[in-house]
Structure formats: structure tokens, C-alpha cells
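These notes concern the structure reproduced below.
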Amino acid sequence: MDLELSETELAFQAEARAWLAANVPPEPLPSLDTAEGFELHREWESRLAADRWSVVSWPAEAHGRAASLVEWVVFEEEYYRAGAPLRVSQNGIFLLAPIIFEHGTEEQQARFLPSMATGERVWAQCWSEPEAGSDLASLRSTARRDDDRGGWVLNGQKIWCSRAALAHWGFGLFRSDPEAQKHAGLTYFLFPLDADGVTVRPIAQLDGEAGFAEVFFDDVFVPDADVLGAPGDGWRVAMSTAGNERGLSLRSPGRFTAAADRLLASYAERPDQRVADRVVDAWLRAEAYRLYTWGTVTKLKDGGDIGAAGSVNKVWWSELDIALHETALDLLGPDAELESAWLDGYTFSLSGPIYAGTNEIQRNIIAERILGLPREPKGLQK
Amino acid sequence: MKFELTGDQQDFASSLESLLVASDPVSAARSWAEGDHAAGLKLWQRLAEQGLLMLATEASAVEVALAFEALGRHGVPGPWVESAAYLPTALGREIDGVGTVAVPPLVPYALDADAADEVYATTTDGLLAGSIGALHISVDRTRRLFDVSPDGDRVASGESLDAAFDLAVLACAAQLLGAGERVLADSVTYVKQRKQFGREIGSYQAIKHKLADVRIALDFARPLVFGAAIEPTPRAVSAAKVACSEAAYLASRTGLQVHGAIGYTQEFDLSVWITKIRALVSAWGSPAEHRARILDSLLEA
Ligand SMILES: Cc1cc2nc3c(=O)[nH]c(=O)nc-3n(C[C@H](O)[C@H](O)[C@H](O)COP(=O)(O)OP(=O)(O)OC[C@H]3O[C@@H](n4cnc5c(N)ncnc54)[C@H](O)[C@@H]3O)c2cc1C
């Protein structure tokens, strides 16, 4: 049992640290949900990619460094410690790419991965629908077979698609077999957000910025080449991303340990005994997350699988994120309501318990799959 | 980077587990609470034969943590933290038999001094042999607490006492972790079998979500225990103690609630852990004490 980094891992860490120190923009970029900020974040992605830091865990021939899981966690830690920008390409590189690697054809990998790695093409996840949130499999948007053109015709509506207001392509599930059972008969599609028949309507989030959007599909043609996995197999394909989002890849500990360090620095500047215990607790929870992640990494390295533990993880990081930011705001006293990086982070943290599967759904999963309690009675289907 | 138990450590944990499963520690604990040490001392002897008293000097803090998790899970009575963590580290030798110690102000009484072969107390001068005074009653009836007068020879001083304290804190944290895991396991079993309104109560979300929260709290307390076991710094052991106190306490509150009235009886075995968890939360430094230690060390860094 040890928590030591190997020689190569230490060398990787030193190289990442040095590169970030030399390249991270000294001033924070404008929000990536504004047109200007979006472009600046894409430029940052291309800078990362030019020196092969945008997708370190991908193979060397695909802009990566074939970094191990340990190195990926180390990179993330350095990345957030350096105060580097948020990843505008997050939905693509963390959520979509793993399934393109797993289920995509060689042709799809060659066509989609490079522009994702450089930030040239930004992706949006189009899963939720107005009537299908937690119960995603009840989605109603349809895909109709078009043999003449060799593809499918999409109709319906997606909602809450992060980044979609500015992104270039989307990925989502559509009901391709209206007769099949709820989870069967779904197909996974990739589509340009400027295709004929697609309408994107930005939605302002709590902070007023158009962080997500509604996407309407009106007879949108998608060729067979842009179907990911087999037609009808979309649910299984999609669930490999759901694990990514809940588990390790979306929320590396680096984000939280860096925030905990900043929280301690604020406390040291303005010590307030009345908030001291909460500062300690926020630090402690970030530290627990850091160590827990090393346990997960060890398991995955040995060929294990995260499974339902991804749900344990998701509840923890989302609540931790809120605790860190709430505590920082409490330290600010009357200035807490003023615009600040802490306030931005706080507002964003509030959505953590909602997206990527709400925390109530995660608790159901923990209770049923880990503790083995009786399953939820299901309502009427269809 | 390999943050998991080695094969040997897993084997050690499972042989300890089999021994404890087979030796009815709960009845030993119940007689211990009455001042009858016979069964408890027999169990003590068997655990000593498994090497528990030499882990601190001969093995590593990881084995110590594993052993204490098992002791906590099975509600084993006796001054184990004192004999298997604090004293061997302070004295640099294994305790032969049963030892106990008071470390005021945080540990003002010596646990089970009436059953001990060696009794000590610390003063500003160091660790001294002592003689036993009055008995105090704990919420956990198996914890018999005694005043000690440090009127004997000085046997240790200096840094070994700090290291001894930190290992004791870690052991206590691990014991809480085991106790919390036990309460969760027993509660899950109970809610799967108890029916009300024609359904298992474990099918109700109010029950499920509470137990899920316990699972989460324990899952994130565990890495703090084993992280601290790899390097038992004051900050790391305090973090483990705070997290395990919270997780185990949540387990005990939740466990009591999901059992209903039967959980509120002394006769039902859940009471062994509910009372022990409450006692251990403040033993070897209260959460407030450990939070203060963590903050000091973070601000120093
Ligand atoms: C900031 C943000 C970004 C997002 N980004 C994306 C994105 O990029 N792409 C995308 O497709 N979606 C995205 N979403 C949508 C997100 O996935 C959904 O909000 C989420 O799945 C919940 O669905 P819902 O909002 O319809 O809530 P509902 O499912 O209607 O839930 C409402 C409440 O009921 C509870 N509830 C529902 N079912 C149960 C149950 N069985 N047991 C107990 N409680 C239950 C929920 O926990 C919640 O508290 C985003 C959401 C937010 C807030």
C-alpha cells in the first residue's frame, strides 16, 4: 500500500507543471458561455493541443501522450493548481470521446477525434428532453429510417444541452424503433448543430449566461456514418458515458483540492473563528476525495470497474463543491453577494446535484445496487 | 501508487474476521460491562496470539488500522487502543497482558484500569506508572473509566509520546469506522426483513436515502484512515478521526432511526454500537479538538 508516484510519473508531473507555469493565461478568461470567452477558450484548447496537453490520456497518434490513469489525475491536479481555464471541450473529450474509442468505427475515430482534441470542434450533449429528465429512457424524440438516402431522419426536442448555444456538433439518443420496449429501440446519433432542420435556442442560466440551450429537430437527416454503435443499441452505448460523467473523468480531485487551497488562503487573509470549522471540513472532504480517487485509480488499473460506486462519487463531489464555495462566501461576509470568482463557482456548484443524474437518483442507485435494498416500484410505462 | 491492501494485509484482516465471528464478542462485552472480565480476557488472549499487541512495534500502522476496524466491527471490549497503539509506541515494546493509560487533558481517565496489568498516566514530565482511583460510568457501559494518580516512575517522555498519541487517534478512528460499518450492515439486513404497510421498509425512499448517505460517509472516511496509516502525521490522523466520528455517528443515528423502538432497547445488540460510537466520538480528542489541530497545521504549511 503506497501513495508514491514513480520516477516517470514525477517527471511527467514536473513537465506538466513547468508547461502550465509558462502558458496559463495570467488573467482569467471571460466566461466560456459568452461568444468572446468561447473563442478564447477554444484558442486555449488549441494551445494545449499544440504541445499535446489537451488530451493526455489519448494515444500519441491522436494528440495525446498515452498517459496512464495516475498521470491523468496528476495532470488534472497540476492543471487546476495552476489556475488554468475551464475546459470548453469537456463534453467532447470526457463524455463522448471514451465512447468513440469504445464503440466508434475507425473511420469515425479518424474523423471526429482530432478536431475534438484541438478545440476546433466543440460538442454538446443532447440527452435530456422536456418530458425526459431523470427518466431519460422515456425520451420521445424520434429517428425514422430513410433507406433511399442511407440514413435517418430526426425529429423532436432536446433541452438543457450545455454549451449548445455556441457548440458545433451534438450527440444524443433518439427513438428509432417506436414498437420496442423503453430502453431498447434507441439509437445514438452525432449531428452538426447547424444542419438543416436544427434550431438552437439558448437558455439563460441562474447567472444570466446562456450556458445551455434547447435544440429542436425538424426532419434532420443524419447519414449512417454518423450513427455511433449499432442502431437500437443506443442505451447501452450511452450508459458508458453516464459512468464517465458520474465517476472519475468529469470531476478529478484537482479541481477540489485547488479550491480547498484557495479557501485556506482566503481564511489566512481574513481569519474568522466562526467559520473555522467549516473551512476545516471543506478541506477534509476535498482530501477524502483525493485519497478516495487514488483508491479508484488503483482498482481501475488492476482491471476493475467503477460500477455503482460512481454514484457514491458523484454525490460526494457535487456536495463537496457546494460546501467549498459556500464556505468561501461565508468568509467574505457582506461582500459575498458581489460578483467574484467564488460567486461564479458557487452558482455553478449549485447545479452539481442536478446534472449527471440527480443526487436522489444516485442515492436510489446506491441503495439498490450497493446495499441491495428492494427496487423502486416503477410507474406505468409508455 | 497502489492505494489498496496487499494480499498479506487482506489475509490478516480475514483471519481476524473469522476469529471474531466465531468468538461471540458481544456476550464478552455484556459481561465486561458488569465488571466480569473472564470472557473478555479470554478473547484478549486469543487476539494477542493473533499478534494484535505487537502490530504497532512489529508491523505497520496499516495493520493497526485493519485490526481496529475489526475490533470496532465486533464490539470487542477492553483497552485495546491503550495496549496495542499508545503504550507500545510510547514504551517501544509490546505490552505483556493488558495495559492502560490516561493522557490528560484529552484522555483524562484510564480505560478498564481494573483489568490492567500495567497502568500509566502522562504528566508534563512524560509517561509515569500510576495507581488507580475512582471509577466513572460511561455511556458505553463496556468502557469502565478510572482516575489514575501518576505516582510511579517515569518510563518515557518526548517525541515517542506524540507518535503514541497519533497512533492511538488513528486506532480509535479505525475502530469507529468498523463500528459504523457494522451498524450499516445490521440496519440493511433489518430493513430488508421488517415489513410495514405491506412492504419491506427498505423499499421506502426515506429509508433508502438515509442508508445511502451512511454508505457514502463511510466510503469517504475509509481512505482518510488508510491514507493516515501510510503516513500517520498529526494532520492526517486528526482528519481520519473527524471523518470517522462523523460517519460512524451518522450510521448510529440512522441505524437507530430505521430500527424503530427495538433499536432503543439495551437488550437488542445494536445498543452495543450506538453507545460505543457515542463514547469513541469524544475519546482520544473530540472532533472540535481535532479540527483545531487540522486548522493549525494547515495554516502553518
Ligand atoms: C447546469 C446544467 C447542465 C446540464 N447539462 C446538460 C447537458 O449538457 N445535456 C443534457 O442532456 N442534459 C443536461 N442537463 C440536464 C440534466 O441532466 C437534468 O436536469 C437531470 O437529468 C434531471 O432531470 P430534470 O431536470 O428533468 O429533473 P426531474 O427528473 O424532473 O427531477 C426533478 C426532481 O425530482 C427528483 N426525482 C425524479 N425522479 C425521482 C425518483 N425516481 N426518485 C426520487 N427523486 C426523483 C429529482 O431528483 C429532482 O430533485 C443539465 C442540467 C443542468 C442543471
Side-chain angles (χ1 to χ4, degrees), chain A residues 1-6 9 68-70 73-74 260-261 264 267-268 271 273 276-281 283-285 287-299 301-302 304 309 311-316 319-320 359-360 362-368 370-377, chain B residues 1-6 9 60 62 184-185 187-189 191-192 199-205 207-231 235-236 238-240 242-243 246-247 287-288 290-299 301:
Chain A
M1 204 175 201
D2 76 86
L3 288 164
E4 309 274 312
L5 297 179
S6 69
E9 288 156 359
S68 68
L69 207 47
V70 173
V73 173
V74 165
D261 287 345
L264 281 164
Y267 183 86
Q273 268 307 313
D277 279 355
R278 298 188 44 216
V279 171
V280 171
D281 284 343
W283 170 85
L284 192 143
R285 288 158 76 174
E287 177 67 2
Y289 190 65
R290 184 181 76 82
L291 289 165
Y292 179 92
T293 302
W294 287 127
T296 307
V297 166
T298 304
K299 215 173 291 160
K301 258 200 326 189
D302 296 349
S311 296
V312 174
N313 207 46
K314 199 259 154 166
V315 174
W316 189 264
E319 292 185 351
L320 159 64
N359 285 8
E360 288 72 31
Q362 308 301 349
R363 288 183 170 94
N364 288 345
I365 294 174
I366 295 164
E368 292 174 8
I370 299 180
L371 302 179
L373 296 180
R375 292 208 161 239
E376 215 45 28
Chain B
M1 175 65 59
K2 214 168 167 45
F3 195 39
E4 66 185 0
L5 299 175
T6 64
Q9 286 162 346
S60 78
V62 174
L184 176 60
S187 301
V188 165
T189 305
V191 305
K192 281 190 210 173
R199 276 162 66 180
E200 298 92 338
I201 56 171
S203 68
Y204 295 112
Q205 248 182 35
I207 302 272
K208 282 183 170 172
H209 286 198
K210 272 182 186 296
L211 293 171
D213 282 334
V214 175
R215 182 67 276 154
I216 295 166
L218 290 166
D219 277 353
F220 280 89
R222 176 175 301 278
L224 287 167
V225 170
F226 288 94
I230 290 174
E231 203 186 341
R235 184 200 297 176
S238 287
V242 171
E246 276 203 352
H290 287 292
R291 284 192 173 93
R293 277 196 353 149
I294 294 168
L295 187 65
D296 287 347
S297 108
L298 287 170
L299 293 177

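Protein chains get the first letters and strands the later ones, always in sequence-line order, with residue 1 at the start of each.
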Handout entry: salt bridge (Lys or Arg N to Asp or Glu O under 4.0 Å) involving B/Glu4 - partner list, sequence neighbours excluded
Key = B/Lys2
Handout entry: Test: B/Asp219 and B/Arg215 ion pair at under 4.0 Å
Key = yes
Handout entry: Which atoms of B/Arg222 approach chain A - backbone, side chain, both or neither, heavy atom under 4.5 Å
Key = neither
Exercise for the section: Would you mind checking which part of B/Leu5 comes under 4.5 Å of any heavy atom in chain A, side chain (CB onward), backbone (N, CA, C, O), both or neither? Expected result: both
Problem - Leading residue by heavy atom contact count with chain A [cutoff under 4.5 Å; candidates B/His209, B/Arg235, B/Arg199, B/Glu246] - result: B/His209
Problem - Contact winner vs chain A - B/Val62, B/Leu298, B/Val191, heavy-atom pairs under 4.5 Å - result: B/Leu298
Practice task
Sort A/Asp302 into side chain, backbone, both or neither according to what part of it lies under 4.5 angstrom from a heavy atom of chain B.
Solution key: side chain
Problem - Value rounded to 0.5 Å, distance of CG in A/Asn359 from NZ in A/Lys314 - result: 4.0 Å
Handout entry: Greater than 12 external heavy atoms within 6.0 Å of B/Glu231's CD
Key = no
Practice task
Any chance you could measure B/Leu295, atom CG, to B/Ser238, atom OG, to the nearest 0.5 Å?
Solution key: 11.5 Å
Handout entry: Side chain / backbone / both / neither for B/Gln9 at chain A, heavy atoms under 4.5 Å
Key = side chain
Exercise for the section: For B/Phe3 and A/Asp2, run side chain to side chain contact (heavy atoms under 4.5 Å, CB included): C-alpha distance rounded to whole Å, both residues' side-chain angles, the deciding distance at 0.1 Å, then the answer. Expected result: CA-CA 6 Å; B/Phe3 195 39; A/Asp2 76 86; over 6 Å; no
Exercise for the section: Taking A/Glu287 for its side chain and A/Leu284 for its backbone only, find out whether a donor-acceptor pair lies under 3.5 Å. Expected result: no
Fill in the blank from the handout: Whatever's closer than 4.5 Å to a heavy atom in chain B on A/Leu3 counts as both
Handout entry: Portion of B/Leu299 that has a non-hydrogen atom of chain A nearer than 4.5 angstrom
Key = side chain
Exercise for the section: Decide, yes or no, whether a salt bridge links B/Lys192 with B/Glu200 under the criterion of side-chain N to carboxylate O below 4.0 Å. Expected result: no
Problem - Contacting moiety of B/Val188, where chain A heavy atoms sit under 4.5 Å - result: both
Practice task
Say whether, by atom type as modelled, one donor and one acceptor occur between the side chain of A/Trp316 and the main chain of A/Arg285 under 3.5 angstrom.
Solution key: yes
Problem - Pairs of heavy atoms under 4.5 Å with chain B: top-ranked of A/Ile366, A/Asn364, A/Leu264 - result: A/Asn364
Completion exercise
Bottom line for A/Val70: the part with an atom under 4.5 Å from chain B's heavy atoms is side chain
Completion exercise
Heaviest contributor of heavy-atom pairs below 4.5 Å to chain A, chosen from B/Ile207, B/Val242, B/Asp213, is B/Asp213
Fill in the blank from the handout: Looking only at B/Pro287, B/Ala239, B/Gly227, B/Ala288, the option with the highest number of non-hydrogen pairs under 4.5 Å against chain A is B/Ala239
Problem - Residue A/Glu360 versus chain B: region with a heavy atom under 4.5 Å - result: both
Exercise for the section: Pick whichever of A/Ala276, A/Ala309, A/Pro374 has the most heavy-atom pairs under 4.5 Å with chain B. Expected result: A/Pro374
Exercise for the section: Under 4.5 Å heavy-atom distance to chain B, tell me which part of A/Arg290 shows up: side chain, backbone, both or neither. Expected result: neither
Handout entry: Contacts of type ring-ring contact (aromatic ring centres under 6.0 Å, His included), residue B/Phe226, not counting sequence neighbours
Key = none
